[in-house]
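No experiment lies behind these values; they were computed from the predicted model shown. No hydrogens, no waters, no symmetry mates; every other heavy atom, side chains included, goes into these values.
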Amino acid sequence: MKVGVPKEIKAHEYRVGLTPAAVREYVAASHSVVVESNAGAGIGAADDDYRKAGATILDSAREVFASSEMIIKVKEPQPSEWAQLRDNQILFTYLHLAADPEQAKGLMKSGCTAIAYETVTDAHGSLPLLAPMSEVAGRLAIEAAGAALKRHAGGRGLLIGGVPGVQPARVVVIGGGVVGTHAGRMAAGLGAEVTILDRSIRRLRELDELFEGRVRTRFSTIAAVEDEVFAADVVIGAVLVPGASAPKLVSRGMLRSMRKGSVVVDVAIDQGGCFETSRPTTYADPTYEVDGVIHYCVSNMPGAVPLTSSQALNNATLPFGLALANKGFAAVLENPHLRAGLNVYRGRLTYKAVAESLGLPFSPIEQAAA
């Protein structure tokens with residue numbers, strides 16, 4: 001199969017769909033790879049590095065899209081990109097369609113086969129292609145919160161870990177999944193007072209054992225969220241409903257009761273965000289203020305550390321990408337985990353949660369492929 005890697009064009013996105021090391025794996029498996037010139041610049045990979053790995057360098061994204069049977073990216077395609085997709089072409093990338101109706105319609109119109117990293121599953125029921133970026137985003141969330149808490153950035157002027165004799169910041173993490181766990185780990189490591197809320201008793205038990213009492217756990221109810229948000233200096237939104245829009249768990253009314261200069265970091269912003277007042281931002285202008293509360297809602301947080309992120313992502317996506325390259329769409333039909341990643345096929349939405357979030361018809365794969 002001919003695999004194409006265009007340069008990412010979303011604002012301040014420096015990751016790349018395939019690293020040179022991953023390209024070598026595809027070439028070794030008898031596939032050809034074309035890479036847009038400078039696609040790897042953000043991770044310090046020159047065109048010559050890709051040539052040495054066996055790739056062919058093309059001058060433009062248009063050439064990459066036109067000549068490839070499968071496109072491998074990182075972020076969701078932008079309008080100029082989905083317009084270049086075509087019938088029977090496979091797109092393998094993050095999509096986050098539930099919060100992006102225009103992209104969904106663009107992909108449906110293209111006729112492509114769109115497989116979303118974020119809904120591919122594994123034998124344990126986990127989301128293996130989402131996990132590495134969730135790990136990165138969870139850790140970055142605390143760094144972002146620490147920066148936003150500084151007085152010159154509009155924050156309270158509070159050091160997350162405090163110092164001896166001075167109370168540390170109170171950090172509340174809503175959601176005890178991968179993002180929440182890594183955010184909690186970073187915050188606790190810095191010396192913050194940390195509470196993680198989740199609706200799974202089993203998960204709360206696991207977190208209690210993992211952190212050995214260094215982090216408070218609390219079952220998430222409306223009342224519990226209110227209590228914790230009102231007292232928090234930092235709130236991390238780390239809620240995930242696979243494929244669907246994130247639930248709005250923190251209302252504007254709750255935020256009004258927070259101290260001025262407190263910070264919220266919405267890691268769920270790719271799925272619409274879990275704060276009522278959230279809207280996507282970029283690294284060019286990452287924060288804004290609502291009712292005295294600093295909001296950080298960058299929608300591609302791992303893009304700030306592209307070398308780490310690209311390597312971690314490629315490690316996870318490689319076996320799935322090779323399966324698609326080896327067998328094409330047949331791999332989706334044969335592999336239930338890849339099938340879970342299928343979001344769009346032949347102009348139809350094949351992921352139920354996405355269709356329901358967008359209010360569009362849902363077509364099971366059996367119906368769409370008939």
Electrostatic pair [X]:[Y] at N-O distance under 4.0 angstrom:
{"X": "R15", "Y": "E8", "result": "no"}
{"X": "R339", "Y": "E334", "result": "no"}
{"X": "D198", "Y": "R203", "result": "no"}
{"X": "K2", "Y": "E69", "result": "no"}
{"X": "D270", "Y": "K75", "result": "yes"}
{"X": "E206", "Y": "R202", "result": "yes"}
{"X": "R185", "Y": "E135", "result": "no"}
{"X": "R216", "Y": "D208", "result": "no"}

Under 3.5 Å donor-acceptor, [X] side chain and [Y] backbone:
{"X": "N38", "Y": "A41", "result": "no"}
{"X": "N335", "Y": "A331", "result": "no"}
{"X": "S110", "Y": "W82", "result": "no"}
{"X": "K352", "Y": "F362", "result": "no"}

Anything under 30° is parallel, anything over 60° is perpendicular, the rest tilted; go ahead and classify Y14 against H12.
->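 Plane angle over 60°, so perpendicular.
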Parallel, tilted or perpendicular: which fits the ring planes of H295 and Y288, with parallel below 30° and perpendicular above 60°?
->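 Judged by the thresholds at 30° and 60°, the geometry between H295 and Y288 is parallel.
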Counting only heavy atoms not in [X], do more than 12 fall under 6.0 Å of its [atom1]?
{"X": "K260", "atom1": "NZ", "value": "yes"}
{"X": "R259", "atom1": "CZ", "value": "yes"}
{"X": "R218", "atom1": "CZ", "value": "yes"}

Looking just at side-chain N and O atoms, do D47 and S37 make a donor-acceptor pair shorter than 3.5 Å?
->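 Yes, side-chain donor-acceptor contact under 3.5 Å.
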Given the rule in the side chain to side chain donor-acceptor pair (under 3.5 Å) test, do T119 and N343 qualify, once you have shown the distances and angles that lead to the verdict?
-> CA-CA 8 Å; T119 62; N343 278 215; 3.2 Å; yes
Check ring pair (Phe, Tyr, Trp, His ring centres under 6.0 Å) between F320 and all other residues, then give those that pass, not counting sequence neighbours.
-> none
Kindly work out whether a path of hydrophobic side-chain contacts (I/L/V/M/F/W/Y, heavy atoms less than 4.5 Å apart) joins V16 to V74.
->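 Yes: a chain of side-chain contacts under 4.5 Å links V16 to V74.
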Which of these, E76, Q78, E81, sits in a side chain to side chain donor-acceptor pair (under 3.5 Å) with K10?
-> E76
